[in-house]
Amino acid sequence: MIKQAIIPLAGLGTRLLPLTSVFAKELLPINGKPGVEYIIDECIQAGIKEIIFVISRKKNIIKKYFNNDVFYKKIIKKKKDQRIINEYNKIKKFKKMIKFVYQNKPLGTGDAVLKTKKYIKNNFFLMLLPDDLIIKKNCSKDMIAIFKKHKCSVMASMKVDKKSVNRWGIFSKKKNINKFNFLIKDVVEKPNINNAPSNNAVIGRYILTKNIFSKLKNQKKGKGGEIHITDSIKKLLQDGHKIIGHNFRGKYLDCGTMDGYIKSSLDISKL
Ligand code: G1P
């Protein structure tokens, strides 16, 4: 059963400066809606019941945004605007399912996930990177269906331009299961173009076994001095864990860069 999702939100968002100098990138509007709400909607539609937000003190604005139901209540008392009532109901629903955990030093995605260890109840959980929006198809839902069939970890994947492999985690394949799924042999975080095993990139949707926590606990800093989830996943593979790579069917939008962020609003407005 996959009922819990982790969303790391403590990153500094330097690729989106100046927009992020005083504001959290995950609250920036994409076609009139905070980016992170697309991720929450994806989780809810995939059957997730609890979402763990990993934030930092600097990003308390995110907690404030989701805990602001009292503010809406006051406005609604004075002004019975249906649009605001709908927003109020939405915020209340989100508030009920979100738990906040702190990562005050930006030590990377692996460290963010480790911070949630004591709250994870089942053997597997979902993890989503909020910079990666996938539209037109619910990637998390499809991955949960794969998990139900194979009872193992699943990671989203997409072919990227060979010249850009050093921007991504990169897989090597053991074998294809079918057109959309393959068994992962190995994964390497941001390899340089000369020793990248392929151009099959890791995209930010992961169904992971709880065993990842024991690897994360001992994980040394990797590329850029950060603790990468990719490096601990590599260790799971070395231990013989089965992990499936899933070539998702939706459209990928990279909201973590300025170009991608601008394009994402245009793409979503056309839906
Ligand atoms: C992270 C992961 C990387 C993955 C990417 C997908 O990198 O570390 O393996 O390919 O997300 O967006 P980041 O975007 O944090 O640099």
Side-chain angles (χ1 to χ4, degrees), residues 5-17 20 24-26 28 30 35-36 38-39 42 54-56 59 103 105-115 126-135 139-140 143 153-173 182 184-193 195-208 212 215-216 219-237 243 245-248 250-261 263-264:
I6 301 171
I7 307 182
L9 299 152
L12 300 174
T14 47
R15 288 181 288 204
L16 284 178
L17 279 170
T20 47
K25 67 174 171 185
E26 299 82 2
L28 290 172
I30 297 177
V36 71
Y38 291 93
I39 304 279
E42 179 178 329
V54 186
I55 62 168
S56 66
K59 293 179 88 172
Q103 179 199 29
K105 289 188 197 133
L107 284 177
T109 305
D111 179 64
V113 172
L114 184 59
K115 294 275 188 288
L126 174 70
M127 197 265 283
L128 306 94
L129 301 182
D131 281 357
D132 293 347
L133 284 196
I134 298 171
I135 54 170
C139 180
S140 296
M143 285 171 60
S153 299
V154 186
M155 295 167 72
S157 178
M158 177 181 85
K159 278 215 187 303
V160 295
D161 183 346
K162 287 200 173 74
K163 279 180 249 146
S164 76
V165 285
N166 67 353
R167 143 84 181 91
W168 312 91
I170 297 289
F171 294 118
S172 64
K173 286 186 186 183
F182 59 91
I184 298 168
K185 184 170 158 207
D186 194 11
V187 63
V188 41
E189 181 67 10
K190 303 192 171 78
N192 70 41
I193 188 161
N195 50 29
S198 74
N199 62 335
N200 296 302
V202 178
I203 297 299
R205 300 289 182 275
Y206 309 68
I207 290 177
L208 292 171
I212 192 84
K215 303 293 175 204
L216 287 171
Q219 187 60 57
K220 297 211 168 69
K221 288 180 184 170
K223 283 263 153 72
E226 289 188 7
I227 296 170
H228 293 287
I229 193 89
T230 318
D231 294 336
S232 289
I233 292 170
K234 190 186 191 62
K235 289 193 184 139
L236 286 181
L237 288 162
I243 309 183
H246 171 61
N247 300 317
F248 59 89
K251 182 175 165 60
Y252 172 71
L253 305 173
D254 179 6
C255 301
T257 63
M258 192 58 92
D259 265 7
Y261 169 65
K263 277 196 206 120
S264 62

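First listed ligand is number 1; within each ligand, the first listed atom is number 1.
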Lys220/Asp231 ion pair, N-O < 4.0 Å: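 Here Lys220 does not pair with Asp231 in a salt bridge, since their nearest N and O are not under 4.0 Å apart.
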Sidechain N-carboxylate O distance under 4.0 Å for Asp111, Lys105: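 Salt bridge: no.
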Asp132: partners by salt bridge (charged side-chain N to carboxylate O under 4.0 Å, His left out), with sequence neighbours left out: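 By the salt bridge (charged side-chain N to carboxylate O under 4.0 Å, His left out) rule, Asp132 matches no residue at all.
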Listed pairs under 3.5 Å, donor-acceptor, residues 154-163 side chains, sequence neighbours left out:
unit_1: Ser157; atom_1: OG; unit_2: Ala201; atom_2: O; d: 3.1
unit_1: Lys159; atom_1: NZ; unit_2: Asn200; atom_2: OD1; d: 2.8
unit_1: Asp161; atom_1: OD1; unit_2: Lys163; atom_2: N; d: 3.1

Output block, N or O contacts of ligand 1, threshold 3.5 Å exclusive:
unit_1: ligand 1; atom_1: 7 (O); unit_2: Lys190; atom_2: NZ; d: 3.2
unit_1: ligand 1; atom_1: 8 (O); unit_2: Glu189; atom_2: OE1; d: 3.3
unit_1: ligand 1; atom_1: 8 (O); unit_2: Glu189; atom_2: OE2; d: 2.7
unit_1: ligand 1; atom_1: 9 (O); unit_2: Gly169; atom_2: N; d: 3.1
unit_1: ligand 1; atom_1: 9 (O); unit_2: Glu189; atom_2: OE1; d: 2.7
unit_1: ligand 1; atom_1: 10 (O); unit_2: Gly169; atom_2: N; d: 2.9
unit_1: ligand 1; atom_1: 10 (O); unit_2: Val202; atom_2: O; d: 2.6
unit_1: ligand 1; atom_1: 12 (O); unit_2: Asp132; atom_2: OD1; d: 3.1
unit_1: ligand 1; atom_1: 12 (O); unit_2: Asp132; atom_2: OD2; d: 2.8
unit_1: ligand 1; atom_1: 14 (O); unit_2: Arg15; atom_2: NH2; d: 3.3
unit_1: ligand 1; atom_1: 14 (O); unit_2: Arg167; atom_2: NH1; d: 3.2
unit_1: ligand 1; atom_1: 16 (O); unit_2: Lys190; atom_2: NZ; d: 2.8

Contacts of type side-chain hydrogen bond (donor to acceptor under 3.5 Å, both in side chains), residue Lys173, not counting sequence neighbours: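 Checked Lys173 against side-chain hydrogen bond (donor to acceptor under 3.5 Å, both in side chains); matches are Asn176.
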Chi angles and distances behind the salt bridge (Lys or Arg N to Asp or Glu O under 4.0 Å) call for Asp254, Arg15: CA-CA 11 Å; Asp254 179 6; Arg15 288 181 288 204; over 6 Å; no
